[in-house]
Amino acid sequence: MKISACIFDLDGVVVDTAKYHYLAWKRLAAEHGFDFTEHDNERLKGVSRMASLEILLEIGQKSASPQEKELMAARKNAWYVEYIEKMDSSEILPGAKEFIENLRASEVKVALGSASKNARLILNRIGLVNHFDSIVDGTRVVNAKPDPEVFLIAATDLGIRPSECVVFEDAEAGVEAAINGGMRCVGVGSPAILYRANLVIDGFKNLSPSDVFARLSKQL
Ligand code: B16
Ligand code: MG
């Protein structure tokens, strides 16, 4: 099994920005007179901004015109950006930076594959923007996960075949996107949710790329 590149999702894999998305969506919901819970927030993980808004409106049983939706999404994003502008390297999830640095030292290419239009801002704030050979974010992608577009663009950027790429993902739609793109996938989080991944880990702490690759080859 040849692994030439690793592609990382951002939210839930490298950082936990879901808590900031949650606070911003909750504030928007409150303005429109309904509650939005942490449980509801699970449905938004890995989902694009406008698709997240549709889910929020469904939860609140509200309707809105396309123009109102644009304004709502922009309002939510302005609050979200206020939170992420305060981020620093202490918010990198345990072991993630070391894992990426180990990959680069062993000449495995590293890319980011995120639905977020704010991915570059976040990578700048946490000091990882120069750790990636390719950054594919929500500004470069038309079709949202589970469509494999985000990961296929990364593979093309890197000049690596999909079959030699491993994707690290925390969301079910992201795992499906990797599989749909003909890539192997390591789920980061709960095996109950990420059961379609080739391997599930609970994080990168004390884990080396060679451990992961060895476990991955046993699963195949
Ligand atoms: P933005 P990922 C995703 O990031 C988040 O998980 C999801 O909750 C969010 O709605 C989406 O990015 C879009 O983010 O509003 O910043 O463009 O997991 O794909 O890294
Ligand atoms: Mg994610």
Side-chain angles (χ1 to χ4, degrees), residues 6-29 36 38-59 69-85 87 91-93 96 100 110-126 128-129 131-132 134-154 167-178 181 185-190 193-194 196-197 200-204:
C6 288
I7 307 173
F8 292 81
D9 173 56
L10 181 60
D11 178 23
V13 173
V14 179
V15 284
D16 175 20
T17 39
K19 60 188 177 211
Y20 301 131
H21 282 295
Y22 170 61
L23 291 172
W25 285 125
K26 193 174 177 68
R27 191 165 163 184
L28 188 73
F36 177 68
E38 273 190 77
H39 177 74
D40 295 330
N41 195 51
E42 286 302 306
R43 290 178 62 191
L44 308 190
K45 289 189 177 171
V47 175
S48 73
R49 192 180 310 166
M50 290 313 282
S52 297
L53 177 63
E54 296 293 346
I55 296 172
L56 188 91
L57 291 172
E58 181 200 306
I59 290 166
K69 286 179 187 171
E70 287 297 334
L71 287 173
M72 287 168 144
R75 250 173 112 57
K76 178 267 172 181
N77 191 55
W79 293 323
Y80 176 66
V81 168
E82 269 179 37
Y83 292 122
I84 59 177
E85 274 179 341
M87 289 176 82
E91 297 205 39
I92 301 172
L93 290 172
I100 290 168
V110 177
L112 188 89
S114 168
S116 176
K117 293 183 173 164
N118 294 298
R120 271 187 183 272
L121 172 61
I122 296 166
L123 291 179
N124 269 310
R125 299 305 311 157
I126 63 174
L128 288 188
V129 77
H131 278 61
F132 294 89
S134 155
I135 295 175
V136 186
D137 62 16
T139 65
R140 295 184 65 191
V141 170
V142 176
N143 303 302
K145 301 168 189 175
D147 190 286
E149 185 184 15
V150 61
F151 299 137
L152 292 175
I153 295 174
V167 171
F168 292 81
E169 252 296 346
D170 72 310
E172 209 179 341
V175 172
E176 273 181 56
C185 187
V186 176
V188 183
S190 155
I193 297 170
L194 306 172
R196 292 197 63 201
V200 180
I201 58 173
D202 59 8
F204 295 100

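For reference, positions follow the sequence shown, starting with 1. Just so you know, ligand 1 is whichever comes first in the structure, and atom 1 is the first atom listed for that ligand.
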*Asks:* May I have the step-by-step check of side chain to side chain donor-acceptor pair (under 3.5 Å) for His21 and Lys45, ending in yes or no?
*Replies:* CA-CA 9 Å; His21 282 295; Lys45 289 189 177 171; over 6 Å; no
*Asks:* Just to check, does Gly46 reach to within less than 4.0 Å of ligand 1 when the distance is taken from its heavy atoms?
*Replies:* yes
*Asks:* Among all protein heavy atoms, pick the one closest to atom 2 (P) of ligand 1 and tell me residue, atom and distance.
*Replies:* Asp9 OD1, 3.0 Å
*Asks:* Indicate yes or no: does an N/O atom of Ser114 lie under 3.5 Å from an N/O atom of ligand 1?
*Replies:* yes
*Asks:* I need the minimum non-hydrogen distance between Asp170 and Val13, along with the two atoms involved.
*Replies:* N-CG2, 3.6 Å
*Asks:* I want to know if ligand 1 touches Asp11 in the polar sense, i.e. an N/O pair below 3.5 angstrom.
*Replies:* yes
*Asks:* Which is it for Thr17 and ligand 1 at heavy atoms under 4.0 Å: side chain, backbone, both or neither?
*Replies:* neither
*Asks:* What's the shortest heavy-atom distance between Ile92 and Val15, and which atoms?
*Replies:* CA-CG1, 4.2 Å
*Asks:* Are any N, O or S atoms from Glu169 nearer to the Mg ion (ligand 2) than 2.8 Å?
*Replies:* no
*Asks:* What residue and atom, counting heavy atoms only, is the protein's closest point to atom 19 (O) of ligand 1, and at what distance?
*Replies:* Ala115 N, 2.7 Å
*Asks:* Suppose I only count heavy atoms of Ser52 and a 4.0 Å limit; which atoms of ligand 1 are within that range?
*Replies:* 10 (O)
*Asks:* Determine which of the N, O or S atoms in Asp9 is closest to the Mg ion (ligand 2) and give its atom name.
*Replies:* OD2
*Asks:* Provide, to 0.1 Å, the distance between atom 10 (O) of ligand 1 and the closest protein heavy atom, together with that atom's residue and name.
*Replies:* Val47 O, 2.6 Å
*Asks:* Applying a heavy-atom cut-off of 4.0 Å, say which part of Ser116 lies close to ligand 1: side chain, backbone, both or neither.
*Replies:* both
*Asks:* Nearest 10°: the angle subtended at the Mg ion (ligand 2) by Asp11 O and Asp170 OD1?
*Replies:* 90°
*Asks:* Is it the side chain, the backbone, both or neither of Lys117 that has a heavy atom closer than 4.0 Å to ligand 1?
*Replies:* both
*Asks:* Within the structure, is a non-hydrogen atom of Glu169 found at a distance of less than 4.0 Å from ligand 1?
*Replies:* no
*Asks:* Backbone N or O of Ile126 within a donor-acceptor pair of the Glu91 side chain at under 3.5 Å?
*Replies:* no
*Asks:* May I ask you to establish whether Lys26 and Tyr22 are in a cation-pi arrangement, using a distance under 6.0 Å from NZ or CZ to the six-membered ring centre and at most 45° from the ring axis?
*Replies:* no
*Asks:* Measure the acute angle between the ring planes of Phe204 and Phe168, then classify it against the limits of 30° and 60° as parallel, tilted or perpendicular.
*Replies:* tilted
*Asks:* What closest approach, in Å, do Leu121 and Ile84 show between heavy atoms, and which atom pair accounts for it?
*Replies:* CD2-CD1, 3.7 Å
*Asks:* Taking Asn143's backbone N and O only, do any of them form a donor-acceptor pair with Glu149's side chain (distance below 3.5 Å, no angle check)?
*Replies:* yes
*Asks:* Nearest protein heavy atom to atom 8 (O) of ligand 1, by residue and atom, and its distance?
*Replies:* Leu44 O, 3.0 Å
*Asks:* How close does the nearest protein non-hydrogen atom get to atom 15 (O) of ligand 1, and which residue and atom is it?
*Replies:* Arg49 NE, 2.8 Å
*Asks:* Does Tyr80 reach ligand 1 with a nitrogen or oxygen that is under 3.5 Å from one of the ligand's nitrogen or oxygen atoms?
*Replies:* no
*Asks:* Between Asn124 (side chain) and Arg120 (backbone), is there a donor-acceptor pair under 3.5 Å?
*Replies:* yes
